[in-house]
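What follows is a set of notes on a single structure, which appears directly below.
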Protein chains: 2
Amino acid sequence: MPSPTLSDVAQAAGVSYATADRVINNRGNVAAKSIAKVNEAVAALGYVRNVAAANLSRKRVYRLAFLIPKGSNAFFNRIRDQIARVADHQSAERVTAEIIEVSAFAVASLEDSLCELVHQDLDGVAIVGLQSERLEKPLAALREKGVAVIGLVSDLPQGFRSAYIGIDNIVAGRTAARMVGMAHADSAGVVQTFVGSTDAHDHVERLQGFCEVIAKDYPQITVRDPIMTKDDPAVLLAQTRALLSQEPDTSALYNVGAGNSGLVQAIGAIQSNRPFCVVHELVAHSRKALQEGLIDLVIDQRPDVEISRAFTVLRALIDERDLPPLADLMPTIYVQDNLPADPLTDMMRAQAT
Amino acid sequence: MPSPTLSDVAQAAGVSYATADRVINNRGNVAAKSIAKVNEAVAALGYVRNVAAANLSRKRVYRLAFLIPKGSNAFFNRIRDQIARVADHQSAERVTAEIIEVSAFAVASLEDSLCELVHQDLDGVAIVGLQSERLEKPLAALREKGVAVIGLVSDLPQGFRSAYIGIDNIVAGRTAARMVGMAHADSAGVVQTFVGSTDAHDHVERLQGFCEVIAKDYPQITVRDPIMTKDDPAVLLAQTRALLSQEPDTSALYNVGAGNSGLVQAIGAIQSNRPFCVVHELVAHSRKALQEGLIDLVIDQRPDVEISRAFTVLRALIDERDLPPLADLMPTIYVQDNLPADPLTDMMRAQAT
DNA sequence: GCGATTTTGATATACGTCAATCATTTCTTG
DNA sequence: CAAGAAATGATTGACGTATATCAAAATCGC
């Protein structure tokens, strides 16, 4: 029993192919009762549009763009690699993906890039966003042109994007706190936190979630005010070093942001038993530190999964199809034992070049 | 610049469309130098076969089957739901998936089902497998017929399936041990383990991984011999109850298998501070227990991800395409804070019916 | 029941690939 | 160099949908 075609539906509904087509692609100028007849036939036969034929006929191409902060940040390298990889594979389905680099976390730069996008002929864009009203106008213009827009990793102003793909950073912070709490096993302790900057929404949210859980469920643990690091390894190295010698009662470290190589270096230098260490994002550095037992946990947002999902969601939006079943995206906890074999970290990049 | 067609390639190569087609679909009877010319043109133009057109032309349908243990096990309910969900969504791509229920963990039953499969007209099968030589003959017969075969959740004899989709259970056990170790924070302790049966490979492997890590990295922790539970909640309830009263020095519980509702019930009944609890698989029961703070961790194998992947891999095998970039499948650690919003647990099922 | 409007039917072409046919050319081999 | 084999070219009809055109029919307003 081959699946029914639109001709079958038309026949079953007692209308012509043309009318069935008018209903299916709601082109208008169809009598209400014809619509009903066709819909019944669709339901009765279990008709589903053959997307292969449809895509072929309408010469569908998916021109996608990804706006990613520039710079050699290990995390965004991982993101860029994954975009290239997925795009390469999906080229058989007529998908092209362009990576547009934007000055990191600068509203003006992002705004400019968005304005340029409007003049390009695109079908969908995924943007590592910022919460700023200045972005609303160009985003509205994009949407006006029928471009699907989603936020990636960091959200855009709500109402100006069709979806957000990324983790909830409050949840990420809460998760980190839970692990730190468990590792204290009812005994008292002091946690030193590190943040890149208080301008970064994600950092603030993580810290907020972290403090919430510690305060509520682990009252015997004290959270010290965060140290500002600008995500700079040098700062982290110096600060951690100072901390380890001056505050020996520190029982745990939690770095909300980047720059972990400095933290790891400082920890690697001490011989006595070190504090419990939690950091974010699995990249070459943090992976190595985890394997060598210099840190205990990495909370990762699975950028590879996020990218795959961005492609899937953008295509679904462009085709106006409903989404496939997608599991929720949650912060993933890595210990040295459950590391993925293929890191998709920037290690790979080094080998490839 | 629309993407080049096979006609473009033929023209660029200076051969006819027919010859280019013979090369692309290697139909044979073509001179070596023609092959070379066509391949060069393919590379030069960046030709990629339009899969929409190809699928349309060859009337591709993907008839898949999933062999899943029968019974109302919460974990396999989750699996079955996800299969139905994905199949429903992929019906637009002419994918049909049939769920074939097999008596749980019975080699004879699995063997029978496999033998029947040979007479069905299938393109791909995913099997919750067993390691038994008796399966080799029917598996070989399936492969002979050109059916793609993969192992799912539990592997088949190697060499008789094209891929295995599931976690490494030794890794899962190691991960559990790491968490238990961390939760002891250098202090001594005693862990009681529970297994369903020693026949189940996955249970044995998890236990093995668990003991390895405790022995190596947490020598101050003692692992007691496992209690046999047959995955039966009643057994777990009774045994845990007895344990909690008779062995008050127990600092952690690790259930390698199923039947967690019994364990949770026993724990819920005590008022003094309970041992650290780790179980496997996020289902309605374990999820609830985690949220209520009755257990501490759930190690999950993400069956929803596994199912999506099974579809992807089977289709790639059937089309003889290379796989899209897929992240490694690792045991996922859930605490009460990073639970997915939509559980895809059997709760959903109850609501739907 | 007239003209105007809306709705329907019939039909055609294109999309890029697959798969097949048949005639023709080129290459082997003795 | 002729006979046979191998390789190539030219062409065609699906596959199911999108989209367009034009004529015919049904419905509406009055």
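Naming convention: chains lettered A, B, ... in sequence-line order (proteins, then strands); numbering from 1 in each chain.
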Check every strand shown and say whether [X] touches a base, only sugar-phosphate, or nothing at a heavy-atom separation below 4.0 Å.
| X | result |
| --- | --- |
| Val51(A) | nothing |
| Arg49(A) | sugar-phosphate |
| Ala54(B) | sugar-phosphate |
| Ala31(B) | sugar-phosphate |

Please walk me through it: do Asn77(B) and Asp81(B) pass side-chain hydrogen bond (donor to acceptor under 3.5 Å, both in side chains)? CA-CA 6 Å; Asn77(B) 285 345; Asp81(B) 278 5; over 6 Å; no
Selected nucleotide, minimal atom distance to Asn50(B) side chain, candidates dA18(D), dC15(D), dT17(C):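 That would be dT17(C).
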What nucleotide, of dT19(D), dG9(D), dG9(C), holds the atom closest to the side chain of Val15(B)?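 Looking only at side-chain atoms, Val15(B) lies closest to dG9(D).
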Between [X] and [N], is there a contact of a side-chain N or O with OP1 or OP2 at under 4.0 Å?
| X | N | value |
| --- | --- | --- |
| Asn25(A) | dA18(D) | yes |
| Thr5(B) | dG16(C) | no |
| Ser57(A) | dG16(D) | no |

If you find the nucleotide of DNA chain D closest to Lys59(B) and the one closest to Gly28(B), which residue's nucleotide is nearer the 5' end?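 Going by which nucleotide is closer to the 5' end, it is Gly28(B).
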Using heavy-atom distances to pick each residue's nearest nucleotide on DNA chain C, tell me which of Lys33(B) and Tyr47(B) is more 5'.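 Its nearest nucleotide being more 5', the pick is Tyr47(B).
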Gap between atoms [atom1] and [atom2], on [X] and [N] respectively (whole Å):
| X | N | atom1 | atom2 | answer |
| --- | --- | --- | --- | --- |
| Tyr17(A) | dT13(C) | OH | P | 15 Å |
| Asn29(A) | dT27(D) | CG | P | 15 Å |
| Ile24(B) | dC18(C) | CD1 | P | 8 Å |
| Leu6(B) | dT17(C) | CG | C1' | 8 Å |
| Arg27(B) | dT17(C) | CZ | P | 12 Å |
| Arg22(A) | dA20(D) | CZ | P | 12 Å |
| Asn55(B) | dT17(C) | CG | P | 12 Å |
| Leu56(A) | dT17(D) | CG | P | 12 Å |

Taking 4.0 angstrom as the limit, do Arg161(B) and Asp155(B) come out as a salt bridge?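 Salt bridge between Arg161(B) and Asp155(B), a charged N being under 4.0 Å from a carboxylate O: yes.
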Should Arg27(A) and Asp21(A) count as an ion pair when the cut-off is N to O under 4.0 Å?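 Yes, this pair counts.
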Ring of Tyr62(B), cation from Arg60(B) - is the NZ or CZ under 6.0 Å from the centre and inside 45° of the axis?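 Here Arg60(B) passes the 6.0 Å and 45° test against Tyr62(B).
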Minimum heavy-atom separation for Pro69(B) to Arg80(B), with atom names?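 Of all heavy-atom pairs spanning Pro69(B) and Arg80(B), the closest is O-NH1, 3.0 Å.
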